[in-house]
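First up is the structure itself, then whatever we jot down about it.
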Amino acid sequence: MKSLITFLILLSTVLNLQAQNWVSVTNPSKYQLNVNKNSSIQITFSRQMLSASLNSGNIKLYGNIQGYFPCSFVYSQTERKLTITHSKNFLPGEIINVILSNSIKDSANNSMGKIFTFMFTAQVLRGNGLFVQKTPSITVGSGPYYCTCADFNNDAKPDVALTNFASGSISILNNSGGLNFTTQTIPGFTNPTGIVSGDLDCDGDMDIVATLESLNGIAVYLNNGNGTFTSMPYFLTGIHPTYIAIGFIDSDIYPDIITASWDVDFPDIRVYKGNGNGTFTLMHTYTTGIRPLCIYIGDVDNDGDNDVGVGIDYSNPRVEFYLNDGLGNLAFSYSASTLDRPYGIAGNDIDGDGNVDIVVSNKYNASLSVLMNNGNGNFTNYIYPTLGSYPYGVTLNDFNKDGRIDIATALQNSQNIDVKINTGSVPLFASYSYPNQFGISTNLVSSDFDNDDDIDIVVLDNLSNTVCVYKNTDSVSINIEPIGTEIPSSFSLHQNYPNPFNPSTKIRFGIPGEKNSFTTLKIYNSLGVEVSTLISNYLKPGIYEVQWEASNLTSGVYFYTLQSEVYSQSKKMLLLK
C-alpha cells in the first residue's frame, strides 16, 4: 500500500511538471492587466503539437461576466504557436480564463496529463476612480447577503444576482442601460446565502449556484437563454454552507464549485466537479480550521493549475492555502496570517509582478490585509486601514484606467464604502470614502454597468433591503501646468477669485513634495451633491490655477474640495446671476 501511495505521488508530480513544460509562452501573459477587448490569444508550445487536439473540446476561453466565448483555433507547425480568436469582445475589467484540458496531445500522441490555465484582465478605457451614488436605490428581498455579477440575458450589459437570506429568494437585477435595472425575483429555498454565476452547462449563457445555509444544501438555477431560470433539485453538502466559489479545479474545461462549511464542529471545504451539464459530483472534502468562510480560486504557486485559499473566521485568523496537483487533488500547504477574521476575499496581481496577490477584509479590525505573493506562493501581509468599520465584501478592478488593480470594500458598520486607488508607489493606495445614504453596506460587485468603458460599483444594503449603485465619474484630466517654478512647502487651497462670481471663477492651489500626487478638485452644491470634477489625475509638485465655468448652474453657495492621499480641504464660494 505504501509503495502504491508513493507511486501516485510521484506520478502526480511528473504530470504537474509535464504540463508546465509543454507551454513556453502565453500572450497575454499570466495575470496581465489592460488587455485589449478584442485581442487574440497566443500560446507557444515547447514541443510539436497534434493540431487536431487543439479544438473547442479541449480548450476554452471563459470570462467571469460572459461565460464561454465562441472561438476559432489556428495552429502554426513552424512556430508551434496556437492562436485563439474570439467572436465577441471582452467587457471592461472582465477576468478572462484560458483553460487547456489534460486531453491535449503532442505530435507523438502523448496527452498533456493535467490542466493548464491562466487568466488576464480586460482593459478599462475610461474612469477616474471617483464615484457618485445614484438615486434612488433598488428595493430587493429581505436581508440581501451575497451577490454576483454576470451578463445573464446575453446583451453585453452586466447584470447582478443576489441572495435574500431572510425572504428566501434570489433577486436578478437586469441591466437596462444607463445604470437602470429591472428586478426579477426567483422564489427559492430557506436562507440562501452564498451565490456565484457561471456557464455550468456550456451553452453560452450564465447560470447560478447558491448555498442554502439552513438546509445544508446547494441550489442550481439553469439559464433558459434569455435571463430567466429553471430551478434544479437541490443537493446536500456540509454543515452550514455559507460561501461558495467557482473556478477550474480538475483537469477538464468545465467550471467546478467549492463550498465552505461555516461550522465550529464540522469545518470543511467541499470540491464539486462540474460535469458540463449543470450537475455536480463531489470530488473531495477537506477539513480546515474552524469556521472557513471565504474562498479564493487561482494559481497561487504559478504552476499552471488553480489552487485554493480559504479564509478562517475564528481563533488565529488566517488564509489557508491548498495547492492543486493539476488533477483536482488539493493538499494543505501553508497559512498566511491576517490581522483579523477574514470576511471577504479576492485576488489579482496588485503589484504588477506577474503573481496573484490576495486581498482579505479584516472585519473587526477596520482594515484590509493585502497578501503580497513573493513569487513562490508564500505571502507577506500588508495592512491598510479602512475608512470605516467592519469591512465585509471586497471587489478588485481598475477604477481609474491606469492599468493597475484597485480595491473597493463594503463597510458593514458604517454608512459608506471605501475605495483604495493603487498608486503604484509608496504608499501603495490612496483611500477615498463614499457615503451610502440608503443603509449599511455588506457586499458589492464591480463592472461597467452603464457601458461607458469605466468601472462602476453595485452595493448591497442588508438592513434597508436595497441595492445602490455608484457611478464612476469618468475620466477627468485637465491639461494644466504649474504656474512658475516654485515648489510649495505644504499643501494649500486659496479662495477662489472673483468671489462672488458669474459665471466663471479661478481656483489656485499648491502641491508640495518631490513626487507626483494623485489629486482631485471637486465642486459640490449646498446639499453636498457633487456637480463637477475639475481635476482627477497625478500632478507633479507646484502651484496650479484652474478656471471653473458654472453657466449651467443656478445661483447659490457652492463648495470646492482639494484632496490628495494625505490632504483634504474645502472652501465656500458664491455664484450670483
Side-chain angles (χ1 to χ4, degrees), residues 62-67 91 93-95 137-177 179-189 191-201 203-213 217-232 234 241-247 255 257 259 278 295 344 346 392-393 395 410 441-449 456-462 465-469:
Y62 181 91
N64 71 318
I65 303 296
Q66 301 182 85
L91 296 182
E94 186 171 17
I95 295 175
S137 61
I138 305 165
T139 301
V140 292
S142 179
Y145 206 155
Y146 283 97
C147 52
T148 184
C149 174
D151 177 15
F152 293 118
N153 57 356
N154 292 310
D155 63 355
K157 293 193 289 287
D159 309 303
V160 178
L162 58 106
T163 54
N164 299 304
F165 182 83
S167 57
S169 64
I170 290 176
S171 291
I172 310 293
L173 306 183
N174 293 307
N175 190 343
S176 54
L179 297 181
N180 297 304
F181 297 85
T182 58
T183 304
Q184 169 191 354
T185 301
I186 303 176
F189 302 93
N191 298 144
T193 312
I195 186 170
V196 292
S197 50
D199 191 353
L200 307 178
D201 49 2
D203 62 352
D205 52 47
M206 295 293 272
D207 311 299
I208 292 173
V209 187
T211 58
L212 309 171
E213 186 172 295
I218 298 174
V220 177
Y221 300 86
L222 292 184
N223 197 327
N224 298 319
N226 57 0
T228 65
F229 295 85
T230 298
S231 176
M232 303 281 283
Y234 85 96
T242 300
Y243 203 93
I244 185 170
I246 190 167
I257 56 173
T259 61
I295 303 169
Y392 204 98
T395 184
S441 306
T442 48
N443 264 297
L444 72 175
V445 288
S446 58
S447 190
D448 180 15
F449 291 107
D456 313 297
I457 298 174
V458 168
V459 182
L460 307 190
D461 298 324
N462 187 266
N465 301 324
T466 63
V467 172
C468 59
V469 180

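On a predicted model such as this, the values are computed, not experimentally measured, just so you know.
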Asp456 vs Asp448, side chain to side chain contact (heavy atoms under 4.5 Å, CB included): CA-CA, chis, key distance, verdict
CA-CA 6 Å; Asp456 313 297; Asp448 180 15; 3.9 Å; yes

Name all residues meeting the side chain to side chain donor-acceptor pair (under 3.5 Å) criterion together with Asp151; count only those two or more places apart in sequence or in a different chain, and write none if there are none.
none

Sequence neighbours excluded, the answer for ring-ring contact (aromatic ring centres under 6.0 Å, His included) partners of Tyr62 is Tyr68, Phe248

Apply the test side chain to side chain contact (heavy atoms under 4.5 Å, CB included) to residues Leu222 and Asp201: give CA-CA distance (whole Å), side-chain angles for both, the deciding distance (0.1 Å), then the verdict.
CA-CA 8 Å; Leu222 292 184; Asp201 49 2; 4.0 Å; yes

Given Cys468, which partner from the list Ile138, Val459, Val458 fulfils the side chain to side chain contact (heavy atoms under 4.5 Å, CB included) test?
Val459

What residues form a side chain to side chain donor-acceptor pair (under 3.5 Å) with Asn191, not counting sequence neighbours?
Ser214

Using ring centroids (six-membered ring only for Trp), state whether Phe229 and Tyr221 fall under 6.0 Å.
no

Do you know the tightest heavy-atom contact between Asp159 and Phe449?
O-CE2, 4.3 Å

Where Asn465 and Gly141 come nearest, the two heavy atoms and their spacing:
CB-O, 3.4 Å

Heavy-atom pair of closest approach, residues Ile170 and Asn164:
C-ND2, 4.0 Å

Please report the shortest heavy-atom distance between Ser142 and Ser167, naming the atom on each side.
N-OG, 3.0 Å

Considering residues at least two apart in sequence or located in another chain, which fulfil the side-chain contact (heavy atoms from CB on, under 4.5 Å) criterion with Ala150?
Phe152, Ser197, Met206

Run the side chain to side chain donor-acceptor pair (under 3.5 Å) test against Thr193 and tell me which residues pass, sequence neighbours left out.
none

Quick one: which of Asp205, Asn223, Asn226 gives a side chain to side chain contact (heavy atoms under 4.5 Å, CB included) with Asn154?
Asp205

Is there a side chain to side chain contact (heavy atoms under 4.5 Å, CB included) between Asn443 and Tyr392? Walk through the geometry before answering.
CA-CA 6 Å; Asn443 264 297; Tyr392 204 98; 3.4 Å; yes

Closest heavy-atom contact between Gly204 and Asp199?
N-OD2, 3.0 Å

Rounded to the nearest 0.5 Å, how far does OH of Tyr146 lie from CG of Leu444?
12.5 Å

Could you give me the CA-CA distance, side-chain angles and deciding distance for Leu200 and Ile246, then say whether side chain to side chain contact (heavy atoms under 4.5 Å, CB included) is met?
CA-CA 10 Å; Leu200 307 178; Ile246 190 167; 3.8 Å; yes

With sequence neighbours left out, the residues meeting side chain to side chain donor-acceptor pair (under 3.5 Å) with Thr211 are none

Drop me the distance from Thr163's OG1 to Ile244's CD1, to the nearest 0.5 angstrom.
11.0 Å

So CG of Leu212 and CD1 of Ile218: to nearest 0.5 Å the spacing works out to 8.0 Å

Heavy-atom pair of closest approach, residues Val467 and Val140:
CG2-CG1, 3.9 Å

So how far is it from Ser447 OG to Leu91 CG, rounded to the nearest 0.5 Å?
6.0 Å

Quick one: pull up OG in Ser171 and CD1 in Ile186 and give me the separation to the nearest 0.5 Å.
8.5 Å

Going by side chain to side chain contact (heavy atoms under 4.5 Å, CB included), Leu162 matches just one of Pro192, Pro144, Cys149. Which one?
Pro144

